[in-house]
Amino acid sequence: MRRRRLAPLLAVSVTATLAPALAAPTATAAPAAIPSAASSAASSSAAKGTLERYVKQKPQWKRCGADSPAELKCATIKVPLDYRVPGGKRIDLAISRIRSTAPDKRHGVLFANPGGPGDQGLYMPMGMRDRLPASAQRKYDLIGFDPRGVGRSSPVSCGLEPEEENPLRPYKKETFVKDVAWARDVAGKCKEKAGDTLAHITTRNTARDMDLLRAVLGEKKISYVGYSYGTYLGAVYTQLFPGRADRFVLDSAVDPARAWRGMIQWWAEGAEPAFDRWTEWAARRSGTYGLGDTPKKVDRTFWDLVARADEKPIEVDGQPTTGDDIRSGMRGAVFSPQDATEGIVELKKAASGEPASAKKLTAFAGSGKTGTAVAVAEASAEAAEAPSDNMMASFWAVVCGDNSAPWSRDPESYRRDAIRDKGRYPLYGDFASSIKPCAFWDTSVEPATKVNNKVGALIVQNEWDAQTPLPSGQALHADLKGSKMVTVLGGEGHGVYPNGNACTDGTVTGYLLTGKLPAKDVTCKATAGSNAEARKNQKRDELPGSPLAERAPDRF
């Protein structure tokens with residue numbers, strides 16, 4: 001059985017018992033400002049002293065791999081596993097750098113994150129170098145890192161078997177008990193194998209790691225480009241360290257208030273208007289595709305095909321394809337009407353025993369990564385081998401551990417939600433709302449991050465994005481009150497910058513070069529070239545904008 005591995009895709013309250021955000025910078029020690037470990041002045045001072053040893057680290061830069069370019073250098077530094085106890089266990093943070101091409105014109109450092117949670121970012125500088133304009137490469141040292149628990153950064157594992165890693169479990173009465181057992185077993189395995197570590201693999205701690213890395217590099221501030229989950233990581237950083245955020249580009253954005261159960265449910269909610277748009281698109285082209293000459297007829301064609309596959313799976317490339325498989329694949333494909341239409345046409349052929357186009361079915365299923373991350377996926381093949389379930393283990397650690405409050409402890413509540421949401425959002429509602437391992441996860445170590453600040457940032461969003469729908473980006477824009485937003489009308493797919501669209505690329509690059517946000521929000525129109533690029537970035541069956549490792553059989 002063939003299996004695929006999709007490259008992954010997402011301020012702490014100060015209390016007497018939980019770690020606050022990293023300390024605010026001071027006039028005398030801004031480049032080396034470090035995390036405080038407790039809220040009281042005395043303990044904060046002691047923690048700062050303890051953390052000085054981390055800041056004093058001198059990265060030993062060396063070539064990342066035999067086949068990687070000479071200018072890409074890697075190193076490993078130590079960070080505290082638990083910032084509340086900085087003198088305790090330490091873990092590795094793998095970092096990378098490509099230096100500015102014009103040191104005399106250098107502005108600072110540009111961090112980047114490709115998405116996830118669970119995606120490696122060590123090779124991001126290569127992708128950024130290949131896609132950023134030369135002017136931006138002169139402006140910045142490009143900095144990458146594998147987030148804690150991922151890749152080379154003390155990777156976590158739950159010891160999961162391939163079949164346990166598949167999170168695509170739509171609600172069915174006859175399988176729900178088995179799905180609950182799966183969720184309980186995954187959570188139990190994770191706790192048994194990595195319980196002491198897993199609780200600290202969170203977005204807040206990754207943001208703290210970023211700030212510690214900033215201090216190690218001797219920088220007062222960082223600039224940042226984050227995609228998908230990386231937008232949430234960037235937003236959390238601005239909340240924890242508002243004075244240290246320089247130029248922040250947040251591309252294809254997560255709604256912080258819905259991290260994480262609500263973001264998964266965004267998939268189902270966002271797919272319904274895209275599905276309606278698709279039926280209209282296909283109906284207008286009925287002479288070409290023959291799916292129906294009205295939206296209602298196209299709708300009926302699709303659901304008849306789903307029912308047929310539920311009754312008897314359709315053989316596609318030697319694999320049985322069920323109605324659930326079609327719904328799951330269509331959830332992402334529908335945001336690009338042409339791909340969705342061509343895919344359904346080929347599935348109809350396969351259902352009738354006719355030869356189907358593998359190429360068009362692949363486009364229907366979707367593949368690839370967000371914009372800049374395309375090159376990263378290829379480059380990261382050199383990365384040190386992590387445990388086979390590392391992506392999923394770190395994914396669940398963040399999705400369950402960032403904020404446990406939205407995750408009910410009652411399995412029956414997931415049954416009710418799945419049944420309700422399948423009625424509301426028939427394409428994907430039960431996939432999104434059914435049971436997940438988070439139902440059995442330990443309570444989060446820290447409270448949820450409430451993003452609400454005036455830090456300047458540029459949010460970039462396609463109108464038709466399957467992973468992080470437009471309202472999600474608009475929500476982050478509202479939370480970051482100092483931000484401006486670039487909306488690509490008609491833009492399809494996940495990940496925008498850079499995509500060859502002069503309007504979007506010009507706005508983002510201008511901000512990275514000058515630090516000046518547009519005077520007001522910008523609306524760009526999608527171009528044929530930018531949409532073609534975006535369609536290549538459309539992905540199937542991932543969690544919030546992720547790169548979610550999926551080991552379910554390839555069915556399209």
Side-chain angles (χ1 to χ4, degrees), residues 10 163-191 254-276 299 302-303 306-307 309-310 322-332 334 392 395-444 447-448 466-469 471-472 475 541-544 546 548 550 552:
L10 278 255
E163 60 272 14
E164 292 176 304
E165 293 187 60
N166 178 18
L168 302 175
R169 297 169 189 267
Y171 173 76
K172 291 188 182 307
K173 182 178 180 180
E174 60 272 21
T175 62
F176 185 67
V177 171
K178 184 186 295 185
D179 292 338
V180 171
W182 159 78
R184 182 182 287 109
D185 288 347
V186 169
K189 280 191 169 186
C190 289
K191 183 174 182 178
V254 168
D255 176 357
R258 297 188 64 158
W260 285 107
R261 190 176 187 221
M263 274 308 303
I264 296 171
Q265 290 170 323
W266 256 133
W267 282 17
E269 297 168 40
E272 293 304 313
F275 185 88
D276 291 343
D299 179 275
F302 174 78
W303 289 108
V306 169
D310 275 337
T322 67
D324 286 338
D325 295 328
I326 295 173
R327 288 196 296 130
S328 172
M330 191 65 166
R331 199 278 308 166
V334 76
M392 285 309 306
F395 175 87
W396 289 125
V398 171
V399 168
C400 303
D402 267 359
N403 180 14
S404 59
W407 297 102
S408 168
R409 304 299 173 177
D410 177 13
E412 285 303 309
S413 70
Y414 291 92
R415 183 200 299 272
R416 292 192 298 269
D417 288 353
I419 293 171
R420 177 200 66 198
D421 287 348
K422 188 171 185 178
R424 289 177 175 177
Y425 317 113
L427 196 61
Y428 205 76
D430 54 327
F431 281 93
S433 292
S434 194
I435 192 82
K436 305 290 186 294
C438 303
F440 303 100
W441 216 260
D442 285 345
T443 302
S444 299
Q467 305 304 115
T468 51
S472 177
D541 298 341
E542 302 157 291
L543 289 171
S546 48
L548 167 66
E550 190 233 326

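Just the heavy atoms: all of them, side chains too, but no hydrogens, waters or symmetry mates, feed the values below.
- Residues C400 and S444 come closest through the heavy atom pair O-OG, 3.8 Å.
- Side-chain N or O atoms of R409 include one that pairs as donor or acceptor with a backbone N or O of W441 at under 3.5 Å.
- Scanning both residues, G262 and R258, for their nearest heavy atoms gives O-NH2, 3.0 Å.
- For the side chain to side chain contact (heavy atoms under 4.5 Å, CB included) criterion with R261, the lone passing option out of P406, S404, S408 is P406.
- Side-chain contact between P426 and F275: absent, with no pair of heavy atoms (C-beta onward) separated by less than 4.5 Å.
- Under the ring-ring contact (aromatic ring centres under 6.0 Å, His included) criterion, Y171 pairs with F176, sequence neighbours left out.
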Next on the checklist: Using the rule given for side chain to side chain contact (heavy atoms under 4.5 Å, CB included), can you reason through M263 versus S472, listing the C-alpha separation, both sets of side-chain angles and the distance that settles it, and then say yes or no?
Outcome noted: CA-CA 8 Å; M263 274 308 303; S472 177; 3.6 Å; yes

Item to check | Steps toward side chain to side chain contact (heavy atoms under 4.5 Å, CB included) verdict (I435, R169) | outcome: CA-CA 8 Å; I435 192 82; R169 297 169 189 267; over 6 Å; no

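- The salt bridge (charged side-chain N to carboxylate O under 4.0 Å, His left out) check on E272 picks up nothing, with sequence neighbours excluded.
- Shown here for V399 and I264, the closest heavy-atom pair between the two residues is CG1-CD1, 4.4 Å.
- In this structure, CZ in F440 is found 9.0 Å from CG in D185, a value given to the nearest 0.5 Å.
- Contact detail for Y425 and A268: the closest heavy-atom pair is CB-O, 3.7 Å.
- Here F431 contributes atom CZ and K422 contributes atom NZ; the two are 8.5 Å apart, rounded to the nearest 0.5 Å.
- Listed here is the closest heavy atom pair of K436 and S434: NZ-O, 2.9 Å.
- For the pair M392/C190, no side-chain contact is recorded, criterion being any heavy-atom separation below 4.5 Å from C-beta on.
- Nearest heavy atoms, D179 versus P170: OD2-O, 4.0 Å.
- In this model, a donor atom of one side chain and an acceptor atom of the other lie less than 3.5 Å apart for T322 and D325.
- Distance check: T468 OG1 to D255 CG gives 10.5 Å after rounding to the nearest 0.5 Å.
- Note: W407 and Y414 have parallel aromatic rings, judged against thresholds of 30 and 60 degrees for the angle between ring planes.
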Next on the checklist: Is there a side chain to side chain contact (heavy atoms under 4.5 Å, CB included) between M330 and V306? Walk through the geometry before answering.
Outcome noted: CA-CA 11 Å; M330 191 65 166; V306 169; over 6 Å; no

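- With hydrogens and angles ignored, the 3.5 Å screen pairs no side-chain donor or acceptor of K189 with any backbone N or O of A187.
- The residue from K172, R327, K173 that alone fulfils the salt bridge (Lys or Arg N to Asp or Glu O under 4.0 Å) condition with D430 is R327.
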Next on the checklist: Could you go through W182 and T175, starting from their C-alpha distance and side-chain angles, then the distance that decides it, and tell me whether this counts as side chain to side chain contact (heavy atoms under 4.5 Å, CB included)?
Outcome noted: CA-CA 11 Å; W182 159 78; T175 62; over 6 Å; no

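- No donor-acceptor pair under 3.5 Å is formed between the side chain of W396 and the backbone N or O of C438.
- Partners of R420 according to the salt bridge (charged side-chain N to carboxylate O under 4.0 Å, His left out) rule, which considers only residues two or more places apart in sequence or in another chain, are D417.
- Side-chain N or O atoms of K178 include none that pairs as donor or acceptor with a backbone N or O of E174 at under 3.5 Å.
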